J.: 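Have a look at this one.
Each chain gets a letter, A, B and so on, in the order the sequences are listed, and its residues count up from 1. What you see is a predicted model, and the numbers here were worked out from it, not measured in a lab.
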2 protein chains.
Amino acid sequence: MRLLLISNSTNAGEEYLDYPKIEIRKFLGDKKVTGLFIPYAGVSITFDDYTKRVKERFNEVGHDIISIHDAEDPVSAVKNAEAIIVGGGNTWQLIKMIQDNQLIEAVREKVLNDTPYIGWSAGSNVACPTIKTTNDMPVVEPDSFNAFNLIKSQINPHYLDKNPDGHAGETREDRINEFLIANQDMSVLGLREGCMFRIEGDDISLIGTRPVRVFAYGKDPVELNAGDDFSNLI
Amino acid sequence: MRLLLISNSTNAGEEYLDYPKIEIRKFLGDKKVTGLFIPYAGVSITFDDYTKRVKERFNEVGHDIISIHDAEDPVSAVKNAEAIIVGGGNTWQLIKMIQDNQLIEAVREKVLNDTPYIGWSAGSNVACPTIKTTNDMPVVEPDSFNAFNLIKSQINPHYLDKNPDGHAGETREDRINEFLIANQDMSVLGLREGCMFRIEGDDISLIGTRPVRVFAYGKDPVELNAGDDFSNLI
């Protein structure tokens, strides 16, 4: 299985999808790949505009995309894809449209059979067993919280250490601790912005300059760095 | 209908439920009321501990609570309640347990028949038509996103103007705009910390020193202050 799971598309102050583009190029290789883009997480951008934006960045690094929203039969489009590319946005709309279009099993089977998968933000979240560690507002109601279930743990993308000063709402860590109490057999990977996992079968690496904060029920959180062993978690 | 819908239990640096306690006393009146407390949103606190904490604060202002988790029949407990008090925590566990215990209709009917309702944070969110404007992590999966539907709009509690510096994730306003695109006939009331709505039939007042940010599809957000007219929104 080959996955590139990216925390966020864009770091503050940078161009869209700029910081991960070199890793996307390396992950897809030197030969041009035309990936199937799933833009369903785009709520405040049209699927056409979203596809254009992502296509430009992929072209820049020698690759290309076509979008599933232009396909007559989304399941066939998945079956024929050279790579699966799932963009960020709203996780709830993303998973709802994935489920409505019967894509859970199609994508899962395809990726288990070694078609490369690239996701960022919501697109990394749906690679997990469920979407229960999303940060997004539940603006639509999907049939279920189940997702592609490609890795063992839950990623929390855009992992954030602190609230703004003076804000009394739960911190991200508080929220993840609630998840663990309700889901005691799961681990959560707090993937900070600017970071990603590259998974090549059993070879799992963290790329980025910040550690991942790993949460498990009844244990103190642990910070793991690039070079550490993630094999029990992914 | 009588509702006191509070953004948050506790302001940063203050004691639990301290800032709203005087408004709770005024809302319940001079004669001692023993409210029915619904502690289901408590995930990282036991229901017993949560109840004790809230009871202390209510006692301080001359009122009392009993908790629904101590009742043999939760629906009967609602039917016999002098007031309904719904505490904050995780909105998902709260709505799931409300639904699992068949309380949606029971509470709605009771409150429509003028039993006072007090909610804070998640407890204000469930007074709305749905929980689709929660900030909480979906740690458990409820049967539906439908809630008590006591007011016309969606409250976003703990409304927050900015992300921490350097964080590229969606702002609260971005998330609410996604909600509006997906739910174009609804309005959202961004209720900042330290603020609450007091609703006495048609008499609706905002209490607190900060304005409410009001969002509607296709319109610029508006800031409404104490003294402004909320009758079209609540």
J.: Please rank A:D136, A:I131, A:N11 by heavy-atom pairs under 4.5 Å with chain B and give me the top one.
T.: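 Option with the top pair count is A:D136.
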J.: Counting heavy-atom pairs under 4.5 Å to chain A, which of B:G194, B:A12, B:P138 comes out on top?
T.: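 Max contact count across the listed options: B:P138.
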J.: Which one wins on heavy-atom pair count under 4.5 Å against chain A: B:V139, B:N177, B:N90?
T.: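 So the answer, after comparing B:V139, B:N177, B:N90, is B:V139.
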J.: Quick check for you: among B:S121, B:A182, B:G169, B:G13, which has the greatest number of heavy-atom pairs under 4.5 Å with chain A?
T.: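 The option with the most such pairs is B:G169.
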J.: Quick one: of B:N135, B:N8, B:T10, who has the most non-hydrogen atom pairs under 4.5 Å with chain A?
T.: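 Most heavy-atom pairs under 4.5 Å with chain A: B:N135.
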J.: So do B:S144 and B:Q99 actually touch side chain to side chain, heavy atoms under 4.5 Å?
T.: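 B:Q99 reaches B:S144 side chain to side chain.
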J.: Taking C-beta and beyond as the side chain, do A:R57 and A:V54 meet within less than 4.5 Å on heavy atoms?
T.: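 The answer is no; the side chains never approach within 4.5 Å.
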J.: Which of the residues A:N163, A:T130, A:N183 is involved in the greatest number of heavy-atom pairs with chain B at under 4.5 angstrom?
T.: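 Result: the option with the highest number of such pairs is A:N183.
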J.: Find the one option among B:P164, B:G166, B:S9 whose heavy-atom pairs under 4.5 Å with chain A are most numerous.
T.: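 Counting heavy-atom pairs under 4.5 Å, the top option is B:P164.
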J.: Please look at B:D143 and chain A and tell me whether the side chain, the backbone, both or neither of the residue comes under 4.5 angstrom of a heavy atom of that chain.
T.: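 Answer is backbone: N, CA, C or O of B:D143 sit under 4.5 Å from chain A.
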J.: Using 0.5 Å steps for rounding, measure from the CG atom of B:D174 to the CZ atom of B:F179.
T.: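 The CG atom of B:D174 sits 15.5 Å away from the CZ atom of B:F179.
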J.: So which residue, A:L160, A:V140, A:T134, ends up with the most heavy-atom pairs under 4.5 Å with chain B?
T.: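 Going by pairs under 4.5 Å, I would pick A:L160.
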J.: If I measure from the heavy atoms of chain A, does B:E170 come under 4.5 Å with its side chain, its backbone, both, or neither?
T.: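 Contact with chain A is through the side chain of B:E170 alone.
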J.: Side chain, backbone, both or neither: which part of B:E193 has a non-hydrogen atom closer than 4.5 Å to chain A?
T.: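 Contact with chain A involves the side chain of B:E193 alone.
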J.: Before accepting this row, confirm whether a basic side-chain N of the pair B:K21/B:E60 lies closer than 4.0 Å to the acidic partner's carboxylate O.
T.: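 So B:K21 pairs with B:E60 through a salt bridge.
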J.: Under a 4.5 Å cut-off applied to non-hydrogen side-chain atoms, are B:L150 and B:V126 in contact?
T.: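 The answer is no, as the side chains (C-beta and beyond) never meet within the 4.5 Å cut-off.
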J.: Look at the aromatic rings of A:F47 and A:Y40 and report parallel, tilted or perpendicular, splitting at 30° and 60°.
T.: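 If you compare the ring of A:F47 with that of A:Y40, the planes turn out tilted.
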J.: Would you say A:S153 and A:S187 are linked by a side-chain donor-acceptor pair, where the criterion is simply a distance under 3.5 Å?
T.: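 Result is no, nothing qualifies.
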J.: Which residue out of A:E178, A:R175, A:H167 racks up the most heavy-atom pairs below 4.5 Å with chain B?
T.: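 Highest number of pairs under 4.5 Å: A:H167.
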J.: Indicate yes or no: does A:R213 engage A:E173 in a salt bridge with an N to O separation below 4.0 Å.
T.: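 Yes.
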